[in-house]
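What follows is a set of notes on a single structure, which appears directly below.
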Amino acid sequence: MATQTQFHVLAVDDSLIDRKLIERLLKTSSYQVTAVDSGSKALEFLGLNGENEDEERNSSVESVSAADEDHQVGVNLIITDYCMPGMTGYDLLRKIKQSSSFKDIPVVIMSSENIPSRINRCLEDGAEEFFLKPVKLSDVNKLRPHLMKGITTKNEMQSNTNKRKGSEEIQSPDRTRPRYNELEVV
């Protein structure tokens, strides 16, 4: 049975203060948190720091790749700052959504700048939410449905055959007929 502490969030922000704030808010809400200070470090943590996933997996750093595969299972959500030096949060979002391993992991973007075109672009390209900084506990509380969706998606893929069989049983004629066995005709 899943508990709240099993949700693992990767938090990405170049600002130490903002990173510590989001980390504290997430931990207060019983999430496990890994915090990194750049998009490239987030990709490294996920094992996506090469241009091509296959090239990365075939690289000479076998032990790191094996450790990164554990992260694939453990990261349930990524929350990232939009404006960071080097790789922006938007660039990170696009790399994650292009990855076959991580495309279903919910990504949330946060920014101190309220620019509607930026917000819309992030949401259109796969971000689940866009939070304005400073992030508040009420924002963090909005993450749970996205985490549950990620868990549900993973479970659906694992038990897709069983669900189809179950729905066939439910829709069978015997199950959909009203039962009047206990009624007396007067």
Side-chain angles (χ1 to χ4, degrees), residues 2 4-14 19 22-23 26 29 31-59 61-84 86-111 115 117-131 135 139-164 167:
Q4 290 180 352
T5 55
Q6 289 181 323
F7 291 125
H8 183 192
V9 178
L10 175 59
V12 187
D13 200 318
D14 61 316
R19 198 167 57 247
I22 192 68
E23 188 174 3
L26 290 165
S29 297
Y31 296 112
Q32 177 187 345
V33 182
T34 299
V36 295
D37 64 1
S38 69
S40 58
K41 286 187 181 172
L43 291 178
E44 186 177 330
F45 178 81
L46 296 169
L48 295 176
N49 50 343
E51 287 298 314
N52 184 337
E53 282 182 76
D54 295 329
E55 288 175 15
E56 182 59 32
R57 288 214 165 78
N58 295 331
S59 72
V61 191
E62 300 278 333
S63 61
V64 173
S65 294
D68 287 336
E69 290 194 19
D70 292 338
H71 295 308
Q72 289 181 11
V73 175
V75 176
N76 304 105
L77 182 133
I78 299 164
I79 184 166
T80 180
D81 183 25
Y82 181 90
C83 190
M84 297 183 289
M87 178 182 294
T88 67
Y90 178 74
D91 295 334
L92 178 60
L93 167 70
R94 290 187 59 215
K95 287 212 180 261
I96 290 166
K97 294 303 176 183
Q98 290 169 358
S99 160
S100 59
S101 304
F102 297 100
K103 65 181 178 187
D104 293 328
I105 293 181
V107 178
V108 173
I109 308 282
M110 52 188 175
S111 178
I115 302 173
S117 60
R118 177 184 292 176
I119 295 169
N120 290 334
R121 184 174 65 168
C122 289
L123 295 173
E124 287 170 2
D125 286 350
E128 301 294 328
E129 294 274 351
F130 195 105
F131 294 153
V135 176
D139 294 325
V140 170
N141 291 336
K142 294 176 187 174
L143 297 177
R144 185 138 333 258
H146 301 299
L147 287 161
M148 297 309 290
K149 184 177 88 174
I151 296 294
T152 303
T153 301
K154 190 180 286 185
N155 289 341
E156 282 175 0
M157 291 184 334
Q158 291 173 352
S159 65
N160 195 16
T161 307
N162 292 339
K163 283 190 177 186
R164 250 188 266 130
S167 67

* Asked: Is the closest side-chain heavy-atom distance between L93 and I109 below 4.5 Å?
  -> yes

* **Contacts of N120 that satisfy side-chain contact (heavy atoms from CB on, under 4.5 Å) - sequence neighbours left out** => E124

* To do: Would you mind reporting whether M110 and Y82 have side-chain heavy atoms less than 4.5 Å apart?
  => no

* To do: Under the side-chain contact (heavy atoms from CB on, under 4.5 Å) rule, collect the residues that match up with D139, sequence neighbours excluded.
  => F131, V135, K136, K142

* Asked: Is K97 reaching over with its side chain to a backbone N or O of K103, donor-acceptor style, under 3.5 angstrom?
  -> yes

* Structure fact -> Here the gap from S111 atom OG to D13 atom CG, rounded to the nearest 0.5 Å, amounts to 9.5 Å

* Using 4.0 Å as the upper bound for N to carboxylate O, is an ion pair formed by D37 and K41? -> yes

* **D91: side-chain hydrogen bond (donor to acceptor under 3.5 Å, both in side chains) partners, not counting sequence neighbours** => T88

* To do: Taking all heavy atoms of N141 and all of S29, pick out the closest pair and write down the distance.
  => OD1-OG, 4.1 Å

* Go through the steps for I22 and V33 under the test side-chain contact (heavy atoms from CB on, under 4.5 Å), then give the verdict. => CA-CA 9 Å; I22 192 68; V33 182; over 6 Å; no

* To do: Kindly indicate whether a cation-pi arrangement holds for R121 with Y90, taking the cut-offs as under 6.0 Å to the six-membered ring centre and within 45° of the axis.
  => yes

* Asked: Does CZ in R94 sit with more than 12 non-hydrogen atoms of other residues, nucleotides or ligands closer than 6.0 Å?
  -> no

* Asked: Can you check whether L147's main-chain N or O pairs, donor with acceptor, with N76's side chain at less than 3.5 Å?
  -> no

* Can you check whether L10 reaches I79 side chain to side chain, under 4.5 Å on heavy atoms? -> no

* Hey, could you give me the SG/CG distance between C83 and D14, rounded to the nearest 0.5 Å? => 7.5 Å

* Residue that, paired with F102, satisfies side-chain contact (heavy atoms from CB on, under 4.5 Å) out of L43, V107, L46 -> L46

* Structure fact -> Residue set satisfying side-chain hydrogen bond (donor to acceptor under 3.5 Å, both in side chains) with E23, at least two apart, ordered chain then number -> K27

* Asked: Under the side-chain contact (heavy atoms from CB on, under 4.5 Å) test, which residues partner S40, sequence neighbours left out?
  -> S38

* Point-to-point distance, once rounded to the nearest 0.5 Å, from OH of Y31 to CZ of R144 -> 3.5 Å

* Partners of E128 by salt bridge (Lys or Arg N to Asp or Glu O under 4.0 Å), sequence neighbours excluded? -> K149

* To do: Using the side-chain contact (heavy atoms from CB on, under 4.5 Å) rule, take F7 and L26 through it: C-alpha gap first, then chi angles, then the decisive distance, then the call.
  => CA-CA 10 Å; F7 291 125; L26 290 165; over 6 Å; no

* Structure fact -> With I78 as partner, the option from I105, V9, T34 fulfilling side-chain contact (heavy atoms from CB on, under 4.5 Å) is I105

* Could you please spell out the steps behind the side-chain contact (heavy atoms from CB on, under 4.5 Å) verdict for L143 and L77? => CA-CA 9 Å; L143 297 177; L77 182 133; 4.2 Å; yes

* Structure fact -> Nearest heavy-atom contact between L92 and G39 is CD1-O, 3.9 Å

* Quick one: pull up CD in E129 and CD1 in I119 and give me the separation to the nearest 0.5 Å. => 11.5 Å

